[in-house]
Participant: 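Next up is a structure, given as structure tokens.
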Amino acid sequence: MFSDRQTALRGVHHKTFVFVSSVATSEDKPSGSKKKAKKRWWRRKNKVAPSPEEEECSKEEKRREGPEDQKAKMMGAKSVSTRQTRRYKCRGFPNPAQFCYMNSCLQSLLTLEDFVGAFRSQEQVWSSDPEAALIRAFMDIRESHLSPDAHRKIRLLVAFKEAVSVWAPEFQDFDQKDAHEFLTSVLDQMRSLCPQLQAAAASEGRIYSCPVEDHLVFKMQKTKTCKGCGAVSITEEEFTNLSLDLIPGGGTVEEMLRCYLKETELDYNCECGATTSCQRLSFVNLPKVLMLHLKRFRFTPSFQLQKVHDPVDLFGDLVVSSNQGGGCLSLVSTISHVSYTAECGHYICDGVDVNVAQEDPTDRWFTYNDEEVTETTGKAVCDERKNVSYILFYKRHD
Ligand SMILES: [Zn+2]
């Protein structure tokens with residue numbers, strides 16, 4: 001069905017048709033492309049060239065463009081979605097040798113645009129520091145995210161892996177690794193550079209603020225109460241992520257968190273002579289991005305690694321309470337381990353389209369399966385990753 005305005009304008013002369021087409025493109029496309037269009041307009045107006053990656057990606061688009069694309073281009077609105085399709089397809093990472101665990105971790109981190117932006121805005125501090133090779137390697141990958149050049153991406157991925165392996169030699173070979181161990185190692189290493197970068201920044205009259213600490217680190221409080229005398233001891237510990245036990249038979253992430261935080265009894269020798277105490281955990285504060293690791297691997301009594309397939313009911317929103325008040329968070333990325341056994345398997349990542357606003361009804365996400373990138377929705381991710389989700393990233397609402 002056509003609207004009255006469209007019916008009235010159909011079949012009229014060329015100039016008017018162009019007007020209809022421009023209405024369709026500016027009204028129908030999602031906000032992400034609006035942002036890009038605005039950016040292109042700004043560049044034209046200010047005579048700024050597109051970034052090399054954007055340029056390269058659009059060249060690749062043109063190379064692949066067939067007669068159908070030409071026709072789509074004539075249709076105005078349709079060409080916008082065709083262009084978007086091509087653009088996100090450039091975002092994949094090749095997998096020459098069991099890189100899927102690293103590729104998935106990188107895609108998830110790149111979905112955290114504020115975290116990445118915090119590195120970008122402090123480039124002057126880390127770009128010249130000889131110790132900050134890991135951050136440079138990460139940001140090089142960020143800069144080539146949209147590049148269709150697979151060879152260049154492989155070089156950058158190998159360089160990143162080598163940078164990680166300097167302090168974590170277990171990632172040096174080309175075997176399959178655990179994505180959670182890799183990710184925590186990457187974040188810990190980025191964080192460990194903080195004192196040095198802060199000192200380097202201070203010597204030049206600048207301030208360096210660690211993006212890992214600002215976005216992912218949070219504090220947990222451990223309250224121990226002696227069962228005999230009631231003496232209370234409180235300690236605090238910092239985390240970049242929590243490892244949660246799955247609920248046998250299935251459960252929600254909120255239920256898993258409740259289990260993690262619930263009071264437990266433990267052996268503890270108190271001065272009063274009592275040998276047991278109660279321990280309770282609570283969030284002191286909530287991070288901007290909460291990373292949750294679901295314990296899908298466990299050792300059997302005979303030390304065989306086993307995969308746990310219990311489903312996790314995923315929802316877009318998560319409510320978490322902390323000592324500083326509650327917070328609402330939204331799922332923005334997942335890393336999944338797709339396989340039946342623990343020994344072999346493949347990692348994939350799902351991530352929200354950062355160009356689409358949180359309330360946008362399109363709910364546009366991408367599935368990153370190494371070099372293959374496909375469009376999906378947050379709802380589909382929640383439905384399809386129940387049995388395979390391994391690491392979840394939740395972004396706190398401001
Ligand atoms: Zn006691």
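Scope of the values below: all heavy atoms of this structure, side chains included, with no hydrogens, waters or symmetry mates.
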Participant: Kindly work out whether a path of hydrophobic side-chain contacts (I/L/V/M/F/W/Y, heavy atoms less than 4.5 Å apart) joins Ile141 to Tyr347.
Facilitator: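 Per the 4.5 Å side-chain linkage, Ile141 and Tyr347 are co-clustered.
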Participant: First locate atom OG of Ser282, then atom NZ of Lys222, and finally report the distance between them rounded to the nearest 0.5 Å.
Facilitator: 12.0 Å
Participant: Without swapping roles, check the side chain of Ser108 against the backbone of Cys105 for a donor-acceptor pair under 3.5 Å.
Facilitator: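 Side chain of Ser108 to backbone of Cys105: no pair is present.
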Participant: Could you measure the distance from the CD1 atom of Ile335 to the CE atom of Met291? Nearest 0.5 Å is fine.
Facilitator: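 Reported to 0.5 Å precision, the distance equals 7.0 Å.
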Participant: With a 4.5 Å heavy-atom cut-off, do Asn323 and Gln221 have their side chains touching?
Facilitator: yes
Participant: Apply side chain to side chain contact (heavy atoms under 4.5 Å, CB included) to residues Tyr88 and Asp353 and explain how you reach the verdict.
Facilitator: CA-CA 9 Å; Tyr88 76 69; Asp353 180 0; over 6 Å; no
Participant: Hey, mind stepping through His397 and Ser330 against side chain to side chain contact (heavy atoms under 4.5 Å, CB included) and telling me if it holds?
Facilitator: CA-CA 7 Å; His397 296 195; Ser330 286; 2.6 Å; yes
Participant: So how far is it from Tyr260 OH to Lys295 NZ, rounded to the nearest 0.5 Å?
Facilitator: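 So the OH of Tyr260 and the NZ of Lys295 are separated by 8.0 Å.
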Participant: Check whether any side-chain N or O of Gln176 sits under 3.5 Å from a backbone N or O of Gly345 as a donor-acceptor pair, and report yes or no.
Facilitator: yes
Participant: Would you check if Leu109 and Arg142 make a side-chain contact, meaning some heavy-atom pair closer than 4.5 Å?
Facilitator: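 Result no, sub-4.5 Å side-chain heavy-atom pair not found.
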Participant: May I ask you to decide if Arg298's main-chain N or O and Gln306's side chain share a donor-acceptor pair within less than 3.5 Å?
Facilitator: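 Pair absent, no side-chain N/O of Gln306 close to backbone of Arg298.
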Participant: Which atom names give the shortest non-hydrogen contact between Glu371 and Asn95, and what distance separates them?
Facilitator: OE1-N, 3.8 Å
Participant: So if you build clusters from Ile, Leu, Val, Met, Phe, Trp, Tyr with side-chain heavy-atom gaps below 4.5 Å, do Val381 and Val388 land together?
Facilitator: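 Shared cluster, no.
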Participant: Can you measure from CG (Leu290) to CG (Leu318) and round to the nearest 0.5 angstrom?
Facilitator: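 Between atom CG of Leu290 and atom CG of Leu318 there are 7.0 Å.
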Participant: For residues Glu213 and Glu238, determine if any side-chain heavy atom of one lies less than 4.5 Å from a side-chain heavy atom of the other.
Facilitator: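 Heavy-atom side-chain distance check fails, nothing below 4.5 Å.
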Participant: With clusters defined by side-chain heavy atoms of hydrophobic residues (ILVMFWY) lying less than 4.5 Å apart, directly or transitively, does Tyr268 cluster with Leu281?
Facilitator: no
Participant: Checking the side chain of Asp149 only, and the main-chain atoms of His151 only, is there a donor and an acceptor separated by less than 3.5 Å?
Facilitator: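 The answer is yes, because a donor-acceptor pair under 3.5 Å joins these two groups.
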Participant: For a side-chain hydrogen bond (donor to acceptor under 3.5 Å, both in side chains) with Asp350, tell me which candidate from Thr376, Thr334, Thr374 qualifies.
Facilitator: Thr334
Participant: Taking atom OG of Ser389 and atom CG of Leu292, what is their separation to the nearest 0.5 Å?
Facilitator: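 Interatomic distance, Ser389 OG to Leu292 CG, rounded to 0.5 Å: 10.5 Å.
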Participant: Counting N and O atoms only, with roles assigned by atom type, does the side chain of Lys153 sit under 3.5 Å from a partner on the main chain of Gly92, one being a donor and the other an acceptor?
Facilitator: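 Checking the backbone N and O of Gly92 against the side chain of Lys153, a donor-acceptor pair under 3.5 Å is found.
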Participant: Applying side chain to side chain contact (heavy atoms under 4.5 Å, CB included) to Met256 and Val312, what does each step give before you reach the verdict?
Facilitator: CA-CA 9 Å; Met256 289 161 68; Val312 176; 3.9 Å; yes
Participant: Could you see if Leu187 belongs to whatever hydrophobic cluster contains Met220? Use Ile, Leu, Val, Met, Phe, Trp, Tyr and a side-chain cutoff under 4.5 Å.
Facilitator: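 Both belong to a single hydrophobic cluster.
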Participant: Return the orientation label for the Phe119 and Phe115 ring planes: parallel under 30°, perpendicular over 60°, tilted otherwise.
Facilitator: perpendicular
Participant: Assign the ring pair His180 / His293 to parallel, tilted or perpendicular, where the plane angle (0 to 90°) is split at 30° and 60°.
Facilitator: parallel
Participant: Would Glu181 and Ser185 satisfy side chain to side chain donor-acceptor pair (under 3.5 Å), going step by step from the backbone distance to the final call?
Facilitator: CA-CA 6 Å; Glu181 283 171 13; Ser185 178; over 6 Å; no
Participant: Dump the intermediate steps for side chain to side chain donor-acceptor pair (under 3.5 Å) on Asn269 and Thr275, then the final yes or no.
Facilitator: CA-CA 4 Å; Asn269 294 322; Thr275 52; 5.3 Å; no
Participant: Which pair of non-hydrogen atoms, one from Glu255 and one from Ile247, has the smallest distance, and what is that distance?
Facilitator: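 Minimum heavy-atom contact is CB-CD1, 3.4 Å.
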Participant: Do His337 and Phe297 have ring centres separated by under 6.0 Å?
Facilitator: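 They qualify: ring centres under 6.0 Å apart.
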Participant: Do the ring centers of Tyr368 and Phe93 come within less than 6.0 Å of each other?
Facilitator: no
Participant: Is the shortest side-chain heavy-atom distance between Asn241 and Leu183 below 4.5 Å?
Facilitator: no
Participant: Please check: side-chain N/O of Arg136 versus main-chain N/O of Asp129, any donor-acceptor pairing under 3.5 Å?
Facilitator: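 Yes, Arg136 side chain to Asp129 backbone: donor-acceptor pair under 3.5 Å.
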Participant: Show, in sequence, the C-alpha distance, side-chain angles and deciding distance for Met139 and Val116, and conclude whether the side chain to side chain contact (heavy atoms under 4.5 Å, CB included) test is met.
Facilitator: CA-CA 8 Å; Met139 291 307 282; Val116 178; 4.1 Å; yes
Participant: Would a single hydrophobic cluster contain both Tyr390 and Val308, if residues Ile, Leu, Val, Met, Phe, Trp and Tyr are joined by side-chain heavy-atom contacts under 4.5 Å?
Facilitator: yes
Participant: Main chain of Thr235, side chain of Lys224: is a donor-acceptor contact present, judged purely on distance under 3.5 Å?
Facilitator: no
Participant: For the residue pair Asn369 and His346, establish whether any side-chain heavy-atom pair is separated by less than 4.5 Å.
Facilitator: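 Counting from C-beta outward, Asn369 and His346 do come under 4.5 Å.
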Participant: So do the side chains of Phe283 and Leu261 get within less than 4.5 Å of each other, counting heavy atoms only?
Facilitator: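 A side-chain contact exists here, since the closest heavy-atom pair is under 4.5 Å.
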Participant: Would you confirm whether Arg396, through its side chain, and Gly327, through its main-chain N or O, come within 3.5 Å as a donor-acceptor pair?
Facilitator: no
Participant: For the backbone of Lys219 and the side chain of Asn285, can you confirm whether one donor and one acceptor N or O come within less than 3.5 Å of each other?
Facilitator: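 Confirmed, Asn285 side chain pairs with Lys219 backbone.
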Participant: Taking the six-membered ring of Phe174 (Phe, Tyr or Trp), confirm whether the NZ or CZ of Lys161 is under 6.0 Å from its centre and within 45° of its axis.
Facilitator: yes
Participant: Salt bridge check: are Asp383 and Lys379 linked by an N-O gap of less than 4.0 Å?
Facilitator: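 Looking at Asp383 and Lys379, the cut-off is met.
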Participant: In the structure I gave you, are the side-chain heavy atoms of Ser277 and Thr225 within less than 4.5 Å of one another anywhere?
Facilitator: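 Result no, sub-4.5 Å side-chain heavy-atom pair not found.
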Participant: Could you pull out the closest heavy-atom pair between Ala179 and Ile391, with the gap in Å?
Facilitator: C-CD1, 4.1 Å
Participant: Using every non-hydrogen atom in the two residues, find where Cys349 and Gln107 come nearest and quote the distance to one decimal.
Facilitator: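 Nearest heavy atoms, Cys349 then Gln107: SG-CB, 3.6 Å.
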Participant: Closer than 3.5 angstrom, by distance alone: can the side chain of Gln189 be matched with the main-chain N or O of Val164 as a donor-acceptor pair?
Facilitator: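 Looks like yes, one N/O pair under 3.5 Å.
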Participant: Do Pro211 and Met190 come within less than 4.5 Å of each other through their side chains, counting heavy atoms only?
Facilitator: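 Not touching, per the 4.5 Å side-chain cut-off.
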Participant: For Leu331 and Phe315, which heavy atoms make the closest approach, and how far apart are they?
Facilitator: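 That closest heavy-atom pairing would be CB-O, 4.1 Å.
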Participant: CG of Asn355 to CZ of Arg364: how many Å apart, nearest 0.5 Å?
Facilitator: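 Result: 8.0 Å between the selected atoms.
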Participant: What pair of heavy atoms forms the shortest contact from Pro287 to His215, and how long is it?
Facilitator: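 The answer is CB-O, 3.7 Å.
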